[in-house]
Amino acid sequence: MRVCAKTERTKKNVVRENYKIKESEAGLLHRYPVHQIGIRNLKNATKQNQFNYINMKSILDKINKADEIQINKLELNKYEIKLGVAEDLLKAKAQMDAINKSLNDELIKLKNSDSAILKAKTDAQKIISDAQKNANKVYSDSKKTTANADKTLSQVANLLDKIDKQAKDLGLNPSTIPNYTSIDNLYNTISQEIKNVNGFTYQND
């Protein structure tokens, strides 16, 4: 932990002054014997030096206490900063968790929709396949129907030709014969229908 420069300089000054006091006491005794400077003056000087020493020590204690308070404040600030950062990280984590869940949900929806498309295609292909099979059956049946119709028309045509010949031999008009005209009309209608059925082509095949 860094201590401010002013505090450090004050400590150094106090130590320096304390050293000077002790050095002064030692020098005084060294230069002047006790009987020359006087007992009273020596005691007074010693008391003054002790007083100065006590004051200097008190100042050092106060400085140390101030440094301790400053260190505690810095530690408290560190704790508050850590606590604030931890709260910010907790909020950020909650937001990230929510976003992650939202994205996962969207991905699940996308996959489900894709599966629905695949199922629809599969179902549609089956429906188309079934419809195609049915169309093939209808086409095959239509061919059988037209074949039978052609056979019947051929028989009717022979019958009408026979009637025409007999009526001509007898000098009769064939149309006067019951059902002749209706059969003749049906023959023409069925002939056209056979052409329509045989000529039909699928538009959506």
Side-chain angles (χ1 to χ4, degrees), residues 1-3 69-205:
M1 181 62 63
R2 292 184 58 192
V3 180
I69 292 173
Q70 184 66 20
I71 291 172
N72 289 337
K73 285 183 179 179
L74 291 174
E75 291 297 330
L76 180 61
N77 289 338
K78 280 185 178 181
Y79 175 76
E80 290 176 348
I81 290 172
K82 288 182 179 179
L83 183 61
V85 170
E87 290 178 353
D88 291 341
L89 289 174
L90 186 62
K91 291 179 182 179
K93 184 179 182 301
Q95 292 176 346
M96 297 297 285
D97 286 341
I99 291 173
N100 187 46
K101 183 180 182 303
S102 177
L103 291 174
N104 286 334
D105 291 343
E106 292 303 321
L107 182 60
I108 291 172
K109 291 178 183 178
L110 288 171
K111 289 182 178 180
N112 288 340
S113 63
D114 188 47
S115 297
I117 292 173
L118 179 61
K119 184 178 183 303
K121 285 182 177 180
T122 303
D123 293 343
Q125 288 173 353
K126 184 177 184 306
I127 292 172
I128 292 172
S129 177
D130 292 343
Q132 187 65 54
K133 290 178 181 179
N134 183 65
N136 291 337
K137 183 177 184 303
V138 170
Y139 181 80
S140 177
D141 291 344
S142 70
K143 292 303 179 183
K144 292 179 180 178
T145 301
T146 54
N148 291 332
D150 278 333
K151 183 178 180 179
T152 301
L153 282 183
S154 179
Q155 294 173 352
V156 170
N158 291 332
L159 176 63
L160 291 177
D161 288 342
K162 182 180 179 180
I163 292 173
D164 286 340
K165 183 179 180 181
Q166 290 178 351
K168 184 178 180 181
D169 292 340
L170 297 173
L172 298 175
N173 186 354
S175 61
T176 60
I177 299 174
N179 295 321
Y180 177 89
T181 302
S182 60
I183 289 175
D184 187 50
N185 291 335
L186 280 172
Y187 177 89
N188 294 329
T189 299
I190 291 173
S191 295
Q192 186 60 46
E193 289 297 333
I194 290 173
K195 291 179 180 180
N196 292 339
V197 171
N198 287 335
F200 179 83
T201 58
Y202 286 104
Q203 302 298 318
N204 301 294
D205 190 7

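Any value given below was found using the heavy atoms of this structure, including those in side chains, with hydrogens, waters and symmetry copies removed. Predicted model, so just to flag it, every value in this text is computed and none were measured.
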Does [X] use its side chain to pair, donor to acceptor, with the backbone of [Y] at less than 3.5 Å?
X	Y	answer
Asn185	Thr181	yes
Asp114	Leu110	no
Ser154	Asp150	no
Ser102	Ala98	no
Ser142	Tyr139	yes
Thr122	Leu118	yes
Asn136	Gln132	yes

Rounded to the nearest 0.5 Å, how far does [atom2] of [Y] lie from [atom1] of [X]?
X	Y	atom1	atom2	value
Leu153	Thr146	CG	OG1	10.5 Å
Thr189	Ile194	OG1	CD1	11.0 Å
Ile190	Ile183	CD1	CD1	10.0 Å
Tyr180	Asn173	OH	CG	8.5 Å
Lys121	Ile128	NZ	CD1	11.5 Å

Residues, nucleotides or ligands: over 12 heavy atoms within 6.0 Å of Lys143 NZ: yes
Identify whether the distance between the nearest side-chain nitrogen and carboxylate oxygen of [X] and [Y] falls below 4.0 Å.
X	Y	result
Lys119	Asp123	yes
Asp164	Lys168	no
Asp105	Lys101	yes

Let me see the working for Lys126 and Asp130 under salt bridge (Lys or Arg N to Asp or Glu O under 4.0 Å), right down to the final yes or no.
CA-CA 6 Å; Lys126 184 177 184 306; Asp130 292 343; 3.1 Å; yes
Practice problem: Run the numbers on Gln192 and Asn188 for side-chain hydrogen bond (donor to acceptor under 3.5 Å, both in side chains), then give the verdict. | Solution: CA-CA 6 Å; Gln192 186 60 46; Asn188 294 329; over 6 Å; no
With the side chain counted from C-beta on, respond yes when [X] and [Y] share a heavy-atom pair under 4.5 Å apart, and no when they do not.
X	Y	value
Ile163	Ile177	yes
Gln155	Lys151	yes
Asp141	Lys137	yes

Taking every heavy atom of Ala135 against every heavy atom of Tyr202, the minimum-distance pair comes out as O-OH, 2.8 Å
